[in-house]
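Computed from a prediction, not measured in an experiment: that's the story for all the values here. Both ligands and their constituent atoms are indexed starting at 1 by order of listing.
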Amino acid sequence: MNYNNKKRTGSLISIQDSLVKARFYDNVIMGETAEISVEGKSLQAEVLQIDPDHKNTDAGIVEMQVFEDLTGAQIGDMVEFTGKPLSVLLGPGLLTSIWDGLQNPLYKLGEQDAYLIPGMRAPALDEEKLWEFTPSVKAGDVVKGGAAIGSVPEGRLEHKILVPFNLGKCKVESIIEKSSVNITETVAVLTDAQQIKHKLKLAFRWAVKSPIPFKERAIPSKTISTGVRVIDFLAPVSYGGTVGNPGPFGAGKTVLQHSLCKYALADIIIMAACGERAGEAVEVFKDFAELDDPSTGDSLMNRMCIFGNTSSMPVAAREASVFIALTVGEYYRYQGYNVVLLADSTSRWAQALRERSGRQGDIPGPEAFPMDIPDQIKGMYQRAGADKGTGGSLTFIGTVSPAGGNFQEPVTQASMDATGGFWGLSQDRADAKKYPAIDPLAYTTSVYDSFVSWTDRNKMLQTLMEANGIDQTISTIGLKKVPVDKYVLYQKGQTIDFCVMQQDAFHKLDACTRPDRLKVINEAVQKLIDSSIEFSRDGLEDEELKELVKTKFDELRQWWKDWNSSAQSEEEIAGLSKHIDQFILQED
Ligand code: ADP
Ligand code: MG
């Protein structure tokens, strides 16, 4: 996209929040980025629209969105077009990094100034760090885009050094021996079919709006152990799957995302904190550095990278941050890793689109979102997926924060259409402190396989549903009209809800349940559902009997809750099944 390396410039003619217009006399390309000089700083912008200049036929007018705070910008400020689309730097060192929404490393910026100042820049990846490069091809070999020419160890992972995906067949002209290099040094020279030479380094830039291809896209089929019981039983997600997670303010979306960060079994977790409170993001940075990766015992940050684009940063950068995070995810998927991308919140992302299209004067769709918001949301989720060719996957779990918890609004609806799994958080459950507040009965669906059979999963749901119905009967016409056997069914449902669906995200043991323990719990649940428990009447009236049933179930629930937070040895774990057997027989 470079025009003979000639500097192409323009000057600002209008400024409206993050949207600016500039007059230019050269060529400008749709989607290219530009640098706007404001008080000696250089701010990043992206070209959205190009129009003829009716006042000056030699010129054109370009409309751009600026990703950084424009305070101090003035009419006449200089714009320089870069010829390059918005891109992300891909290479070793991505893991453990914490960036803002434009891939500026926050720690490096922090060394420059305690406050983020617009226009501050630092290299996205450490340029001095040395990596132990081992070549896997030799001079004379033929390679093409996506092929590995070697690798470097990145923490526990083997980071493959790939030929940029847009290159066709190339001959390896030269490649260095095994040695320590940084990301600015050339490690190999390739020649393409047109005899053009390409110098490869450990890192390369890739346009964030061009999805990195799949080798062979496959249907997500292997269930992820997230550690969260209600998810793994009733609304599971597979490697490469997509989930929309809507919930009203304060219902627990962020706590759930943090749980997944800590406990979901994956090689890599990417967090895109998009438009949420800055304080939360700071907590994550502090907490996660001290936590261990559940599968390796390493520091949790070694499998993570974070884009912290909080509510205090410019809105336009939110759009960029989600695309940057997706591209990093695709890059690691191509290397064969299982990546989970958590975006909190996609509503804030959609709001950025809404603000932009509003300012551009587009005809608005429902609730002033752009008309094509469903397609944009679909497009985002479609970049997730499993790749049979590489063995890698990118799972995308996005929170949605609908105003007033109204799931009928456009972003929630579009997310529901675009995703394979849906975790609806309910205000009622959050108010009742039933955490995680995912409502097993409302809006909770999944196309992915659970850790238990469909029959067992449906029986569990059925029981919860019937118990819910009885609960409503009790609250409308009173307990008296409910027969004893129905009341027992109600108590069974209450027990499954309280002891299985609810889980303490902050308790060391209870916070995470792995598949082997799920199996034990499922057996207990199924036994309880299938049993006809004989409470001996001993001449009791119905009401007295119901009182007894409640006491007995209360005791069971208390026991089971304790088991959740204490049973660790094989014997203790097996104790659940024994306890349920005794309970069913009503033997003390
Ligand atoms: P949201 O992101 O949906 O606005 P948060 O995730 O910040 O909501 O949750 C709000 C509060 O609810 C938390 O600070 C915490 O006190 C409580 N909470 C949410 N989920 C859980 C959970 N799984 N276990 C215990 N407390 C929770
Ligand atoms: Mg939140």
Side-chain angles (χ1 to χ4, degrees), residues 101 225-235 237 243-264 269-288 291 294 306-313 315 318 321-322 325 341-352 396-407 409 411-412 415 422-440 442-444 497-513 561 564-565:
S225 164
T226 67
V228 181
R229 292 189 288 264
V230 59
I231 292 174
D232 291 358
F233 273 135
L234 298 179
V237 54
V243 179
N245 177 208
F249 180 78
K253 299 178 294 293
T254 303
V255 170
L256 181 58
Q257 291 238 323
H258 291 181
S259 271
L260 297 171
C261 257
K262 292 182 212 161
Y263 303 114
I269 308 268
I270 303 174
M271 259 190 97
C274 183
E276 290 295 301
R277 286 166 301 220
E280 281 178 355
V282 173
E283 265 168 50
V284 171
F285 303 158
K286 279 197 302 204
D287 289 2
F288 286 21
L291 292 169
I306 300 176
F307 292 89
N309 194 67
T310 60
S311 50
S312 51
M313 298 180 187
V315 170
R318 288 178 198 167
S321 69
V322 173
L341 168 56
L342 301 162
D344 189 13
S345 119
T346 61
S347 295
R348 307 270 168 264
W349 172 84
Q351 279 168 8
F396 187 173
I397 301 172
T399 71
V400 189
S401 24
N406 169 23
F407 287 2
E409 60 85 42
V411 179
T412 311
S415 304
F422 200 76
W423 303 335
L425 296 180
S426 114
Q427 184 75 62
D428 287 351
R429 286 183 76 86
D431 289 346
K433 303 234 173 306
K434 294 180 176 173
Y435 293 123
I438 298 175
D439 188 338
Y443 300 104
T444 302
D497 190 341
F498 186 67
C499 305
V500 181
M501 300 301 139
Q502 295 170 40
Q503 191 171 355
D504 184 352
F506 302 110
H507 186 280
K508 217 168 176 290
L509 186 62
D510 194 31
C512 172
T513 306
K561 265 280 188 240
N564 280 342
S565 53

Is the distance between the Mg ion (ligand 2) and the nearest N/O/S atom of Ser345 smaller than 2.8 Å?
no
Hey, mind stepping through Leu234 and Met501 against side-chain contact (heavy atoms from CB on, under 4.5 Å) and telling me if it holds?
CA-CA 9 Å; Leu234 298 179; Met501 300 301 139; 3.6 Å; yes
Asp504 bridged to Lys433 by N-O distance under 4.0 Å
no
Have Asp232 and Thr226 got a donor and an acceptor in their side chains that come within less than 3.5 Å?
yes
Rounded to the nearest 0.5 angstrom, the NZ-CD distance for Lys561 and Gln502 is 5.5 Å
Considering all heavy atoms of both residues, which atom of Arg348 and which atom of Ser401 are nearest to each other, and what is their separation?
NH2-OG, 3.7 Å
Under the criterion side chain to side chain contact (heavy atoms under 4.5 Å, CB included), which of Asp344, Thr399, Ile231 is the partner of Leu256?
Ile231
Show the protein residues that qualify under the rule heavy atom under 4.0 Å from an atom of ligand 1, listing them in chain and number order.
Pro248, Phe249, Gly250, Ala251, Gly252, Lys253, Thr254, Val255, Arg277, Glu280, Tyr435, Ala505, Phe506
